[in-house]
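All values below were derived from every heavy atom in this structure, side-chain atoms included, with hydrogens, water molecules and symmetry-related copies excluded. So you know, we letter chains A, B, ... as the sequences are listed, proteins then strands, and number each from 1. Note that the coordinates shown come from a computational prediction; the quantities given were computed from them, not determined experimentally.
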There are 2 protein chains.
Amino acid sequence: MVNKKKNDTAHERILIAAKKVFFLKGMAGARMQDIADEAGINKALLHYYFRNKEKLFELIFKEASNQFFPKIADIIDSDIPLFEKIESFCSEYIDMMQQNAYLPLFVLNEVNKQPHRFRERFWKNREFLFSKFVGQIEMEIKNRKIKPVSPAHLFINMISMCIFPFIAKPMMMMSSGMDELQFRDFMDQRKTEIPKFIIESIKR
Amino acid sequence: MVNKKKNDTAHERILIAAKKVFFLKGMAGARMQDIADEAGINKALLHYYFRNKEKLFELIFKEASNQFFPKIADIIDSDIPLFEKIESFCSEYIDMMQQNAYLPLFVLNEVNKQPHRFRERFWKNREFLFSKFVGQIEMEIKNRKIKPVSPAHLFINMISMCIFPFIAKPMMMMSSGMDELQFRDFMDQRKTEIPKFIIESIKR
DNA sequence: CTTAGTATTAACTATTTGGTTAAAATATAT
DNA sequence: ATATATTTTAACCAAATAGTTAATACTAAG
């Protein structure tokens, strides 16, 4: 045996299929057979490459939660001015989620259903973004650049407005009769609407 | 046979148990045995009262989605002034969700996973709140009472900020080290923080 | 008390589903 | 070409799980 290339078909097709099925149905609702079918391979091959459902899910979930989070940190922790930071956070975060609209609900749902899976990862990897952002806001308040606002609430407001529409997407589309394209447009607007809305509220 | 009272124990205990288990694990993750255990009865009794899992779920889901929605309409569609309306919506809606923090994620998740279950209900029952609220906002803009803002985005902003924290609750608690009580406090604050935040942004 | 309907259970069945095995096909090295 | 390792499959297996059945306990009416 020599170097085994892992960029080949079956192994990769399985990962893509697993992602699709897990995102759509969640851990509890996903069937190994569905994944095999989606990948166009025999079910036994799943277990050949990834020991069991648990392990396979863990991989998908880890990738998903990493994608859901840490890139935020780069923006939030950067040294740019507050208003610019808010603008680029909203814009970039929504942009990321547009490429994977299922991601937020998938991650948040699984965290709710199996908190243990997330707990360790949280205490380890993340000091969590928060601190630096909070400091910056407090600074701006002290300098009377913005009104006195609660940094925690401001932060939660911002991510709520960015993320929630993806979670409520099907419901929004149904209730307002939007189609896929109109939803995309709507979220494109939000990239600028949310920052405007926030800044309008806190600026002096 | 005479009048059958349905306010008795088993039947009710099952509904309570089913609600608990479905809320916690979702349709796909819930086990009939879990529900039976939780209700302290034999599994066969579940099928005696509610033919099958599907039917039982349908009941719980219908009640949940009714609770998640329509009471909003009363506030949103009422004739009170805009700012008051925003205030009472946020306050009352958060208050409702505090009594049932699992509700938003449960409903939104199941709507995502089985959109068909919701579609009919939407086209039928609800003209959806929207219209009257939108009209009122456009009016206030025309009268130069508030800045020109997109009613749709304003509406989504408001419900995002109210609902999202419940969906992200475990994650928020983990990442910030909140306990149950602190979360409650935080949401109590939001009942006034969100309206302040919104009004500050749109007022002239 | 007896009877007829109702509630409840233990035991069972059928199906779904995650996982295994052993053999076949395919590729790789010598 | 032959041997060796890797990939892939068909056929199974065992556990889990929704749903059934037939018998038993319970309740209320006459």
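- Summarising the geometry, the separation between CZ on A/Phe57 and C1' on C/dG18 is reported as 16 Å, rounded to the nearest angstrom.
- A salt bridge is defined here as a Lys NZ or Arg NE, NH1 or NH2 lying under 4.0 Å from an Asp or Glu carboxylate O, and B/Lys147 with A/Glu200 meets this definition.
- A/Tyr48 places its OH atom 13 Å from the P atom of D/dA5, with the value rounded to the nearest Å.
- At least one side-chain nitrogen or oxygen of A/Arg31 sits closer than 4.0 Å to the OP1 or OP2 atom of C/dG18.
- Looking at residues two or more places apart in sequence or on another chain, you find a side-chain contact (heavy atoms from CB on, under 4.5 Å) between B/Leu59 and B/Leu15, B/Phe50.
- Salt bridge status for B/Lys169 with B/Glu180: present, with a side-chain N to carboxylate O gap under 4.0 Å.
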Distances under 3.5 Å only, N/O to N/O: pair up the protein atoms with those of nucleotides 19-21 of chain D.
residue: D/dG19; atom: OP2; partner: B/Lys53; partner atom: N; Å: 2.8
residue: D/dG19; atom: N7; partner: B/Lys43; partner atom: NZ; Å: 2.9
residue: D/dG19; atom: O6; partner: B/Lys43; partner atom: NZ; Å: 2.7

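- Evaluation of the side-chain hydrogen bond (donor to acceptor under 3.5 Å, both in side chains) test over residues 92-105 of chain A, restricted to residues two or more places apart or in two chains, returns A/Asp95-A/Lys191, A/Gln98-A/Asp188, A/Gln98-A/Lys191.
- Residue B/Ala36 is out of contact with every strand shown, counting any heavy-atom pair closer than 4.0 Å.
- Within the nucleic acid shown, A/Leu46 has no heavy atom closer than 4.0 Å to any nucleic acid atom.
- When the C1' atom of D/dA10 is taken as reference, atom CD of A/Gln33 falls 12 Å away, rounded to whole Å.
- Between A/Lys196 and A/Glu193 a salt bridge is recorded (basic side-chain N to carboxylate O distance below 4.0 Å).
- Between A/Leu56 atom CG and C/dT17 atom P there is a gap of 17 Å when expressed in whole angstrom units.
- For the pair B/Leu45 CG and D/dA25 P, the interatomic distance rounds to 16 Å; values are reported in whole Å.
- We find that NZ of B/Lys55 is positioned 16 Å from P of D/dA18, with the value rounded to whole Å.
- Of the N and O atoms on the side chains of A/Gln189 and A/Asp185, not one donor lies less than 3.5 Å from an acceptor on the other residue.
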